[in-house]
Visitor: 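Before anything else, here's the structure in question.
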Amino acid sequence: MTDLRCEIEEDHPGLHAAAVRLLDNCPPETVWTQWADWRDPQTVLVMRDCADGDGRLPGNDDWCTLFAGHPGTCSFDLVDPEHEEFLAANPAYRHLFERERPQGAVTDLRPRPEDSPAD
């Protein structure tokens, strides 16, 4: 089994959740898997994306990457120490995480040659 990390803030109520795939739907939806503490995922759901932005100027918002109605804080207010540590050690990958979600397109999770660090 692939290791999954819950994308919701620590110590949240309810099931844990991890995004599996962005869908080409309108309104935007994502495939999520859910699980209870110490159990393997057994549920796969298609859920509408959270519509909350961080309140900056229109067009510059950082939108929540979680599902609508998620418990706890929106993703733009969360800090993942492991993610930040990875980006600090691998700055060539930072641009991969700063892209906006393509409008009306499924996100392709395969690596692209231009995303690889120079040898």
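On a predicted model such as this, the values are computed, not experimentally measured, just so you know.
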Visitor: Backbone N or O of T65 within a donor-acceptor pair of the S75 side chain at under 3.5 Å?
Guide: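 Such a contact is found between S75 side chain and T65 backbone.
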Visitor: Looking only at heavy atoms, which two atoms of C50 and C74 are closest? And how far apart?
Guide: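 What the structure gives for the nearest pair is SG-SG, 3.9 Å.
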Visitor: To the nearest 0.5 Å, what is the distance between SG (C6) and CG (D37)?
Guide: 9.0 Å
Visitor: What pair of heavy atoms forms the shortest contact from V79 to E84, and how long is it?
Guide: CG1-CG, 4.2 Å
Visitor: Tracing side-chain links under 4.5 Å among I, L, V, M, F, W and Y, which residues wind up in one group with L45?
Guide: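 Its cluster partners, ordered by chain and number, are I8, W32, M47, L66, F67.
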Visitor: Can you name the ring pair (Phe, Tyr, Trp, His ring centres under 6.0 Å) partners of H16, sequence neighbours left out?
Guide: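 H16 satisfies ring pair (Phe, Tyr, Trp, His ring centres under 6.0 Å) with H12, W35 once adjacent residues are dropped.
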Visitor: Considering residues at least two apart in sequence or located in another chain, which fulfil the side-chain contact (heavy atoms from CB on, under 4.5 Å) criterion with Q42?
Guide: none
Visitor: Does A36 have any side-chain contact (heavy atoms from CB on, under 4.5 Å) partners at least two apart in sequence or in another chain, and if so, which?
Guide: L15, R39
Visitor: To the nearest 0.5 Å, what is the distance between CG (L4) and CD (Q34)?
Guide: 12.0 Å
Visitor: With sequence neighbours left out, what residues match T33 under side-chain hydrogen bond (donor to acceptor under 3.5 Å, both in side chains)?
Guide: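 Result, side-chain hydrogen bond (donor to acceptor under 3.5 Å, both in side chains) vs T33: none returned.
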Visitor: Might you point out which heavy atoms bring E29 and V46 nearest each other, and give the distance in Å?
Guide: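 Taking every non-hydrogen atom into account, OE1-CG1, 3.7 Å.
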Visitor: Which residue pairs pass the salt bridge (charged side-chain N to carboxylate O under 4.0 Å, His left out) test with at least one member in residues 4-15, sequence neighbours excluded?
Guide: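 Every pair satisfying salt bridge (charged side-chain N to carboxylate O under 4.0 Å, His left out) with a residue in residues 4-15: R5-D80, R5-E82.
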